[in-house]
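One structure below.
Everything numeric in this text was worked out from a predicted model, so none of it was measured. Counting begins at 1 with the first residue of the sequence.
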Amino acid sequence: MTVSIDGQRLWESLMAMAEIGPTANGGNCRLALTEEDAAGRRLLIEWCEAIGCTVRVDRVGNLFIRRPGRRDDLDPVATGSHLDTQPKGGRFDGILGVLAGLEVFRTLHDQGIVTERPLELVVWTNEEGSRFAPAMVASGAFAGEFSEEYTLSRADRDGVTLGQALAACGFAGETPLGEPRLASFFELHIEQGPVLEEEGEAIGVVTGVQGMRWFDVALRGQPAHAGPTPMAYRRDALAACARLIDRLQGHALADSSGGTRVTFGCLEIDSPSRNVIPGEVRLTVDLRHVVEAELDALEARFDRELAALTEAFGVETASERIWASPVVNFDAGCIDAVERAARAQGVPWRRMMSGAGHDAVYVSRVAPTSMIFIPCRDGISHNEAEYATPEHCALGAQVLLDAMLERANTLEASQ
């Protein structure tokens with residue numbers, strides 16, 4: 001029997017959620033555990049309870065919304081993502097994965113279909129990390145990467161902790177971390193990049209997530225007058241910084257595989273002035289690769305280029321690696337289920353690695369996991385202009401439904 005999701009209903013749900021925390025240019029602002037985020041959660045719970053689902057909240061605010069199966073003693077097949085956004089975020093990043101899961105539940109409810117395994121729709125807390133750092137901290141806590149105490153103690157710029165925000169918005173739960181155990185987990189998401197759109201493909205079968213390493217770097221030279229100081233006698237921290245950026249950028253562009261990513265997202269000059277040679281510069285460095293050994297080599301290249309600045313520019317260098325996420329390879333069985341579901345739709349698709357981090361990264365450490373990507377216009381995300389078509393949203397939800405049904409009716413599919 002063909003089970004088809006209602007694409008119009010999914011789109012209407014997306015647009016209804018977008019009315020909570022709208023921004024001036026058509027995006028959304030629902031920072032984690034603000035009143036706007038809580039309002040989005042309450043709306044989702046209302047929709048889910050209307051079709052007979054039950055809700056649990058764990059100790060760090062993750063929502064677990066269950067649809068019973070014939071065998072409720074079995075671990076559930078789960079889907080989900082996040083409802084929090086960037087300060088000027090879009091209407092699809094994270095939200096699509098949650099509301100597509102809702103549409104799966106609604107479709108099965110409409111047709112009276114009961115799966116063998118129960119199903120679970122999960123909303124992970126603070127995926128974006130824009131209010132509480134680090135990102136994905138609550139899915140990480142679920143997977144055992146972060147302790148409950150550490151997670152609850154994360155503070156925003158005003159000194160409000162995640163635990164205090166949970167209590168204030170009514171989502172401080174009692175379910176122990178790591179419960180429920182999941183038999184499988186699928187996350188539908190916009191690609192957040194341009195590949196699917198550029199290649200004319202409708203579905204990305206996500207095989208894993210590239211490795212990422214973040215560094216805080218300081219370069220210290222000597223501030224001096226721009227006029228009287230000859231070039232040969234300068235200890236110019238900004239010039240050294242420019243050399244570092246140029247060398248690493250050139251290295252990445254020369255990688256014929258296209259797997260190397262280097263990004264310098266923040267740059268600060270101490271006491272900047274038009275006619276003063278910069279004496280101290282701080283910057284962030286983001287290194288990524290799809291192969292762990294190549295990421296090791298990229299970090300080694302970064303270390304060499306950094307060390308070379310001392311002799312070339314007379315600057316002192318300091319670097320701290322503040323975060324590292326290894327290359328993640330998703331579960332072969334879950335990947336195959338997504339691929340079969342994509343093939344069944346008769347649309348162009350490809351296997352691909354994710355360039356961004358997602359809650360699925362941490363969940364994959366404790367449950368068989370895969371992801372589904374759909375195109376987003378111009379590859380734009382974390383932006384008010386973020387957009388995915390109703391047709392692609394519906395297609396992604398259909399692939400999600402089919403993959404979940406396959407896993408939920410296969411009793412041996414477990415950890």
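- For the atom pair CD1 (Ile245) and CG (Leu283), the distance works out to 6.0 Å, reported to the nearest 0.5 Å.
- The shortest distance between side-chain heavy atoms of Thr369 and Asp331 does not fall below 4.5 Å.
- The minimum heavy-atom distance linking Gln210 with Gly355 is given by the pair NE2-CA, 2.6 Å.
- Using a distance-only test at 3.5 Å, with no hydrogens or angles considered, no donor-acceptor pair links the side chain of Ser130 to the main chain of Glu128.
- Salt bridge status for Glu386 with Arg91: absent, with no side-chain N to carboxylate O gap under 4.0 Å.
- What you find for Ile203 and Gly396 is that their closest heavy atoms are CD1-CA, 4.1 Å.
- At distances below 3.5 Å, not a single donor-acceptor pair connects side-chain atoms of Glu46 with backbone N or O atoms of Ala50.
- Contact check for Leu287 versus Arg261: no side-chain heavy atoms found under the 4.5 Å cut-off.
- Considering only residues two or more places apart in sequence or on other chains, Phe186 meets the ring pair (Phe, Tyr, Trp, His ring centres under 6.0 Å) condition with none of them.
- Side-chain atoms of Arg220 and Thr317 form no donor-acceptor pair, as typed in the model, at a separation below 3.5 Å.
- Residues Ser319 and Val217 approach most closely at OG-CG2, 4.0 Å, considering heavy atoms.
- Put simply, the side chain of Asp255 gets close to the backbone of Ser257: a donor and an acceptor are under 3.5 Å apart.
- Without hydrogens or angle criteria, His289 side chain to Val291 main chain gives a donor-acceptor distance under 3.5 Å.
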Determine, stepwise, if the pair Glu174 / Arg56 fulfils salt bridge (Lys or Arg N to Asp or Glu O under 4.0 Å).
-> CA-CA 8 Å; Glu174 294 300 328; Arg56 288 171 291 172; over 6 Å; no
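- Of the possible donor and acceptor atoms, none in the side chain of Asp378 sits under 3.5 Å from a partner among the backbone N and O of Ile380.
- Classification of the Phe92-Trp11 ring pair by plane angle, with boundaries at 30° and 60°, yields tilted.
- Without hydrogens or angle criteria, Glu191 side chain to Leu196 main chain gives a donor-acceptor distance under 3.5 Å.
- Judged by the 6.0 Å and 45° rule, Arg42 forms no cation-pi pair with Trp47.
- Asp72 places a side-chain N or O within donor-acceptor distance of the main-chain N or O of Gly69, the cut-off being under 3.5 Å.
- Looking at Glu116 and Arg71, no side-chain N of the basic residue comes within less than 4.0 Å of a carboxylate O on the acidic one, giving no salt bridge.
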Do Val195 and Met352 pass the side-chain contact (heavy atoms from CB on, under 4.5 Å) test, and can you show the C-alpha distance, the side-chain angles, and the key distance before you say yes or no?
-> CA-CA 9 Å; Val195 174; Met352 62 191 304; 4.3 Å; yes
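- Salt bridge Glu280/Arg282: present, at least one basic N to carboxylate O contact under 4.0 Å.
- At a threshold of 4.0 Å, the pair Asp286-Arg288 counts as salt-bridged, since one of the basic side-chain nitrogens sits closer than that to a carboxylate oxygen.
- To the nearest 0.5 Å, the span separating CD on Glu103 from CG on Leu10 amounts to 5.5 Å.
- At a threshold of 4.5 Å between non-hydrogen side-chain atoms, the residues Val327 and Val290 do not count as touching.
- Annotation: side chain of Thr284 is in contact with side chain of Asp216 (closest heavy-atom distance under 4.5 Å).
- Taking the ring axis of Phe302 as reference, the NZ or CZ atom of Arg304 does not stay both within 45° of it and closer than 6.0 Å to the ring centre.
- Interatomic distance, Leu405 CG to Leu108 CG, rounded to the nearest 0.5 Å: 5.5 Å.
- We find the CD-CG distance between Glu294 and Leu298 to be 9.0 Å, quoted to the nearest 0.5 Å.
- Counting only heavy atoms from C-beta outward, the side chains of Glu187 and Ser81 approach each other to under 4.5 Å.
- Figure legend: Arg41 and Phe171 shown as a cation-pi pair, the cationic atom lying under 6.0 angstrom from the six-membered ring centre and within 45 degrees of its axis.
- Under the 4.0 Å criterion applied to side-chain N and carboxylate O atoms, Arg131 and Asp156 are assigned as salt-bridge partners.
- Asn28 places no side-chain N or O within 3.5 Å of a backbone atom of Thr23 that could act as its donor or acceptor partner.
- Residues Thr79 and Gly101 share a closest heavy-atom pair of CG2-CA, 3.8 Å.
- Donor-acceptor pairing under 3.5 Å is recorded for the side chains of Arg407 and Ser184.
- Ionic pairing of Arg340 and Glu406 is present here: one or more N-O contacts between side-chain nitrogen and carboxylate oxygen are shorter than 4.0 angstrom.
- Between Leu248 and Phe264, some side-chain heavy-atom pair lies under the 4.5 Å cut-off.
- Residues Ile372 and Val205 have side chains not in contact (no heavy-atom distance under 4.5 Å, counting atoms from C-beta outward).
- By the 4.0 Å N-to-carboxylate-O rule, Arg30 lies too far from Asp84 to be salt-bridged with it.
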Can you list the steps and then say if Leu99 with Met17 is a side-chain contact (heavy atoms from CB on, under 4.5 Å)?
-> CA-CA 9 Å; Leu99 297 185; Met17 187 64 73; 3.9 Å; yes
From CA spacing to verdict: side-chain contact (heavy atoms from CB on, under 4.5 Å), Val262, Val285 = CA-CA 7 Å; Val262 298; Val285 180; 5.9 Å; no
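- Closest approach of Thr115 to Ala408, counting heavy atoms only: CB-CB, 3.9 Å.
- For Glu339, the salt bridge (Lys or Arg N to Asp or Glu O under 4.0 Å) partners at least two apart in sequence or on another chain are Arg343, Arg351.
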Apply side-chain contact (heavy atoms from CB on, under 4.5 Å) to Gln8 and Glu12, showing your working.
-> CA-CA 6 Å; Gln8 179 62 33; Glu12 290 172 356; 3.1 Å; yes
Are Phe142 and Phe64 close enough, and set up right, to give a ring-ring contact (aromatic ring centres under 6.0 Å, His included), and what steps lead you there?
-> CA-CA 12 Å; Phe142 172 83; Phe64 295 89; 5.7 Å; yes
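- The closest side-chain heavy-atom distance from Trp349 to Glu201 is not below 4.5 Å.
- Listed for the Asn62 side chain is a donor-acceptor partner under 3.5 Å among the backbone atoms of Thr125.
- In terms of heavy-atom proximity, Ser139 sits nearest to Asp359 at OG-OD1, 2.6 Å.
- A salt bridge links Arg213 and Glu292; the closest N-O separation between the charged side-chain nitrogens and carboxylate oxygens is under 4.0 Å.
- To the nearest 0.5 Å, the span separating SG on Cys393 from CG on Leu96 amounts to 5.0 Å.
- Ion pair Asp110/Arg9 flagged as a salt bridge, since at least one NZ, NE, NH1 or NH2 atom sits closer than 4.0 Å to an Asp/Glu carboxylate oxygen.
- To the nearest 0.5 angstrom, Gln345 atom CD is 6.0 Å from Asp402 atom CG.
- Using a distance-only test at 3.5 Å, with no hydrogens or angles considered, no donor-acceptor pair links the side chain of Glu120 to the main chain of Pro76.
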